[in-house]
Protein chains: 2
Amino acid sequence: MTSPVRPPARILLVDDHALVRRGVRLILDAEPDLEVVAEAGDGAEAVAAARRDAGLDLAVLDVAMPRMTGLQAARELARLRPGLRILMLTMYDNEEYFFEALRAGASGYVPKSVADRDLVEACRAALRDESFIYPGAETALIRSYLDRARSGAGLPERPVTEREEEILKLVAEGHTSKEIGDLLFISPKTVERHRANILQKLGLRDRLELTRYAIRVGLIEP
Amino acid sequence: MTSPVRPPARILLVDDHALVRRGVRLILDAEPDLEVVAEAGDGAEAVAAARRDAGLDLAVLDVAMPRMTGLQAARELARLRPGLRILMLTMYDNEEYFFEALRAGASGYVPKSVADRDLVEACRAALRDESFIYPGAETALIRSYLDRARSGAGLPERPVTEREEEILKLVAEGHTSKEIGDLLFISPKTVERHRANILQKLGLRDRLELTRYAIRVGLIEP
DNA sequence: TTGTACATCCGTGCCGGCACCCATGTGCGA
DNA sequence: TCGCACATGGGTGCCGGCACGGATGTACAA
């Protein structure tokens with residue numbers, strides 16, 4: 001009978017691409033202290049899995065997923081299981097969602113362009129309740145973070161409201177204000193109002209940037 | 001001394017995400033008849049790798065990559081190494097690029113949502129010089145393919161010209177006709193002409209759809 | 001040589017995006 | 001109770017996207 005120092009961490013792996021899940025699972029399962037015990041293909045499945053299994057230690061979440069984005073799923077998971085650590089995986093090295101991820105309850109943020117070693121280290125850091133910032137963007141991120149922390153009061157609060165997200169999605173899908181108004185039974189002017197508020201909140205210039213934003217966070221598919 | 005029936009196929013693996021490369025490599029290397037002998041992070045690296053190594057049997061290419069898209073890389077590879085089989089990997093189940101991939105010289109087209117078994121089978125099919133169509137979309141794809149083959153003469157020829165692709169990229173990045181005109185030293189009206197031709201050729205409605213198209217094929221990042 | 005594809009340019013007109021301005025009602029928390 | 005955020009609605013005006021119409025020059029292939 002062997003007596004390991006501690007059992008491996010129980011991990012929930014969430015990504016909409018089965019192939020990526022499989023690959024990441026192989027990477028993580030190769031580590032003696034990490035074990036993928038559940039998989040999910042979207043945010044809703046992830047929440048369901050966390051509801052079933054109270055013994056999860058860590059959730060590794062892709063940012064962009066259909067039905068429920070990784071950010072939304074992170075918020076749900078953090079609410080449902082306050083002890084669960086959350087690591088966000090992202091396609092793009094873009095750091096502007098780092099804070100969005102932190103606000104959503106994530107403790108780490110890892111782009112898919114990193115090496116497998118870095119992912120493993122990020123998992124371990126998250127399990128030790130340390131924030132993991134991927135190497136390379138570290139300086140820029142920390143500088144930006146410190147800037148904001150110094151100037152304002154902590155993280156900027158700018159999540160869009162539910163109604164705004166609804167309209168954000170429709171705008172990003174290419175619908176006109178009139179079409180959206182007809183869909184939601186409101187005036188096209190109200191849609192324009194919402195759209196302007198969204199652009200202002202997210203610091204975007206026009207529909208086109210809004211569309212790219214929606215794609216980045218997985219709200220819509222390209 | 002063992003004497004295997006034949007040596008494993010030599011595979012070039014191309015994806016801009018190191019994590020995905022690592023995972024896919026683990027999947028393929030687990031098969032006795034498949035071996036990843038080279039990796040590349042974008043199309044340019046892939047072409048360089050194929051130039052160095054004349055003994056490659058198969059290239060597994062992600063569609064969306066920075067600098068040179070998977071489709072462009074496939075064209076280059078097919079020109080450089082006519083014997084090399086090419087398998088396209090794509091993020092989106094969308095089948096409208098299947099023909100684009102075929103024209104670019106690919107013999108298979110696999111979405112990342114498939115299971116690892118399917119990827120392995122697709123590699124083997126490509127190595128046997130058979131076309132692989134992923135399960136599920138098979139019927140719709142074949143039906144569409146047969147429709148086109150029956151009605152017209154083979155595959156529809158509709159690649160955009162180099163100039164058009166240049167403008168396509170700039171339009172998708174959100175530049176106005178005037179900005180693009182200033183950049184390329186041409187009249188904004190000419191830019192609009194090109195844009196209209198592009199929309200018509202690709203069957204798109206407006207800038208927004210054009211942007212999503214450019215993101216899907218990796219011409220720009222969201 | 002003649003046609004065809006490509007790139008270049010122009011005018012006209014409509015419609016929608018977007019930036020400003022404004023106001024009202026509702027609900028919630030200080 | 002008083003503000004504040006949120007959702008709702010309106011007006012005005014500019015500019016750019018996009019659909020039409022037209023044109024020229026050049027290069028290359030049938």
5'-most contact on DNA chain C (nearest-nucleotide basis), B/H194 vs A/V171, goes to B/H194

Hey, is A/R10 close enough to A/D53 for a salt bridge, meaning N to O under 4.0 Å? yes

Touch class at under 4.0 angstrom, heavy-atom based, for A/T176 against every strand present: sugar-phosphate

Euclidean distance, atom CD of residue B/Q200 to atom C1' of D/dG17 [Å, nearest integer]: 17 Å

Taking CD from B/E173 and C1' from D/dG17, how many angstroms apart are they, rounded to a whole number? 18 Å

Quick one: A/F185 CZ to D/dA7 C1', roughly how many Å, whole number? 17 Å

If the cut-off is 4.0 Å, is B/T190 near the phosphate of C/dC9, judged by side-chain N/O to OP1 or OP2? yes

Classify A/D206 by what it touches in the nucleic acid, base, sugar-phosphate, or nothing, heavy-atom distance under 4.0 Å. sugar-phosphate

The side chain of A/S177 lies closest to which of these nucleotides: C/dA7, C/dG17, D/dG9? C/dG17

In whole angstrom, what separates A/E179's CD from C/dG17's P? 9 Å

Could you work out which one of D/dA7, D/dG9, C/dC6 sits closest to the side chain of A/I186? D/dG9

Apply side-chain contact (heavy atoms from CB on, under 4.5 Å) to A/I186 and A/R163, showing your working. CA-CA 12 Å; A/I186 57 179; A/R163 189 57 156 177; 3.6 Å; yes

Are the side chains of B/V14 and B/M65 in touch, meaning some heavy atoms are under 4.5 Å apart? yes

Contact under 4.0 Å: B/S187 side-chain N or O vs C/dC10 OP1/OP2: yes

D/dA5, OP1 or OP2 - any side-chain N/O from A/T161 closer than 4.0 Å? no

Would the distance check show the side chain of A/E164 and the main-chain N or O of A/T161 forming a donor-acceptor pair, the cut-off being under 3.5 Å? yes

Within the 3.5 Å criterion, strictly below it, is a donor on A/T211 or B/R212 matched to an acceptor on the partner's side chain? no

Between B/K112 and B/D15, is the closest basic N to carboxylate O distance under 4.0 Å? yes

Under the side-chain contact (heavy atoms from CB on, under 4.5 Å) rule, what do B/V171 and B/I180 come out as? Steps first, then yes or no, please. CA-CA 8 Å; B/V171 171; B/I180 298 172; 3.6 Å; yes

A correct 5'-to-3' footprint of nucleotides 19-30 of chain D, with B, S and - meaning base, sugar-phosphate only and no protein heavy atom under 4.0 Å, is B-BB--------

Can you figure out which of D/dC6, D/dG9, C/dG17 approaches the side chain of A/R207 most closely? C/dG17

What nucleotide among D/dA7, C/dG17, C/dC6 has an atom nearest to a side-chain atom of A/E164? D/dA7

